[in-house]
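These numbers come from the heavy atoms of this one structure, side chains and all, not from hydrogens, waters or symmetry mates.
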Amino acid sequence: MKICIVCTLYPPYILGGAEISTALLAQGLVRSGHEVTVITTGQTDSKEIIEGVMVYRLKNKNIYWRYPQRDKPLAKKMLWHFFDIYNMGYQKSLQSLLSMLKPDIIHTGNLCGLSCVVWDVANQQHIPIIHTLRDYYLLCPQQTMIKGTQSCQSQCLVCKSYSVIKKIMSQKVDAVVGISHFILNHHLKFGYFKNARLTCVIPNSIKPHNMLQQTLGIKDIGYIGRLSPEKGIELMIEAFINSNKGANKLRIAGTGNKKYVNFLQKKYNNKNIVFCGKCNPTDFFQTIGLLIVPSLWNEPFGRVVIEAYSACIPVLMASNGGLAELAEQGISEIFSTDSTIQLTNLLDKYFNGTLQFDYTRFQQVIMQYSESNVTKSYIELYKKIIDSYRYE
């Protein structure tokens, strides 16, 4: 098959797990014998081959490029999002590229910064479209559906106004994939993708950490990810302080807004709380015996959970969004973020040795998130959609 993947960013430009997941899929498809091209954004028009994938970068057509993420004035951000509703600047480039490539199918992922104009162009050229939901971009211009530290249960007036055209364009999509049941159902309940022939859930894939966790005696716990209020950092720290009665450490890896990071470091100036800064996950997992994922908002998936599993690290995770779907008996526990009580109790059990994990289950669990299994699921979906077009 000739498969064209369209996404806002593609490695080496990485803002989060979406870019990693997209690259793993593209490379897996190439190894399966398919011809894969990626259309993405960049500072200039260019093309290059990365791991067998032909990558076309279209010069940014908005008032600033989305990489790297930096704080911008409110007026500038609002204008950027206005253009991003349906960015006609990309229309001719997309029409030309797709006419030249003639793919059997188009697979779109994160579109913030490229816009859903690609669905219109693909539809005009009668190319089947599959979209993978990795965030809340279609519902919320900020992609998060968060107000303060809590997830929004409905769309505010601003989100609705920015999303009208996106919702209309979503009806041109032939199949929609959620990386979790939560994010898929969340979009369907707002009336998106009503014309989709197929809807399904396919999780993100993982490149295993070679099962290198051999430190079963370590009692230190850790967090790795973005440092921001909605991630539940303060709830995690408070629970740790309440439960830690010894010299065990809470290691916090990651970066975020400088003011917020400085606030955390000042407020929690404790010898047992270590702010590690940006860390390589493989190295970080070797320093902890337990991972905490305390997100207050509705995470679409939770890549860090399966990364921990691949390193044989058990996980305590919040029950919000798609995180709960990653819970596995014997190697993880979920907790409510309504207060610190449940997490504190779990940590009490962990530190006193009454919370036990089954380390024999990790390899079995991680297989469902292997690159080969996820790639196979997408190939089967592509074939179903292409066949449905042939028999029209």
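- Between S205 and Y369, every side-chain heavy-atom pair lies at or beyond the 4.5 Å cut-off.
- Looking only at distances, no side-chain donor or acceptor of S46 sits under 3.5 Å from a matching main-chain atom of G42.
- Proximity of N195 to K172: side-chain heavy atoms (C-beta onward) are nowhere separated by under 4.5 Å.
- Under a 3.5 Å cut-off, the side chain of N185 and the backbone N or O of H181 do form a donor-acceptor pair.
- With F351 as the aromatic partner, K219 does not meet the cation-pi criteria of under 6.0 angstrom to the ring centre and within 45 degrees of the ring axis.
- A donor-acceptor pair is defined here as one N or O able to donate and one able to accept, closer than 3.5 Å; such a pair exists between the side chain of Y192 and the backbone of L138.
- Closest approach of G89 and K61 over heavy atoms only: O-CE, 3.6 Å.
- A ring-centre distance under 6.0 Å is not found for Y382 and H34.
- Between the side chain of K166 and the backbone N or O of Y137, at least one donor-acceptor pair lies under 3.5 Å.
- The minimum heavy-atom distance between C159 and P141, with the atom names listed, is SG-CD, 3.8 Å.
- At distances below 3.5 Å, not a single donor-acceptor pair connects side-chain atoms of T375 with backbone N or O atoms of G28.
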| query | Can Q368 and E328 be said to form a side-chain contact (heavy atoms from CB on, under 4.5 Å), step by step? | reply | CA-CA 12 Å; Q368 63 187 300; E328 294 285 348; 3.2 Å; yes

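- For Y10, there are no ring-ring contact (aromatic ring centres under 6.0 Å, His included) partners two or more places apart in sequence or in a different chain.
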| said: Does D174 form a side-chain contact (heavy atoms from CB on, under 4.5 Å) with I130? I'd like the steps, not just the answer. | reply: CA-CA 6 Å; D174 299 290; I130 288 177; 5.8 Å; no

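- The main-chain N or O of E238 is found under 3.5 Å from a side-chain atom of N242 such that the two form a donor-acceptor pair.
- At least one donor-acceptor pair under 3.5 Å links the side chain of K102 to the backbone N or O of S99.
- A311 and F285 make their closest contact through CB-CD1, 3.9 Å (heavy atoms, listed as atom of the first residue, atom of the second, distance).
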| Can you list the steps and then say if N60 with R66 is a side-chain hydrogen bond (donor to acceptor under 3.5 Å, both in side chains)? | CA-CA 8 Å; N60 171 57; R66 192 165 152 68; over 6 Å; no

| field | Residues R251, I221; criterion side-chain contact (heavy atoms from CB on, under 4.5 Å); working and verdict | value | CA-CA 6 Å; R251 302 182 183 277; I221 66 174; over 6 Å; no

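- Under the 4.5 Å side-chain criterion, counting only non-hydrogen atoms from C-beta, T37 is not in contact with P103.
- Side chain of N123 to main chain of W119: no donor-acceptor pair is present (N/O by atom type, distance under 3.5 Å, no hydrogens or angles).
- In this structure, L346 and I334 approach most closely via the heavy-atom pair CD1-O, 4.1 Å.
- Looking at heavy atoms from C-beta onward, L316 lies in side-chain contact with L355 at the 4.5 angstrom threshold.
- The pair E299-K231 meets the salt-bridge criterion, since a charged nitrogen lies less than 4.0 angstrom from a carboxylate oxygen.
- Proximity of a side-chain donor or acceptor of T287 to a complementary backbone N or O of F284 within less than 3.5 Å is detected.
- When all heavy atoms of N62 and D84 are compared, the pair lying nearest together is ND2-N, 3.9 Å.
- Residues A239 and T340 come closest through the heavy atom pair CB-O, 4.3 Å.
- Taking 4.0 Å as the cut-off between side-chain N and carboxylate O, D45 and R57 do not count as a salt-bridged pair.
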| task | Show the numbers, then the answer: is there a side-chain contact (heavy atoms from CB on, under 4.5 Å) between I39 and V118? | result | CA-CA 10 Å; I39 299 176; V118 62; over 6 Å; no

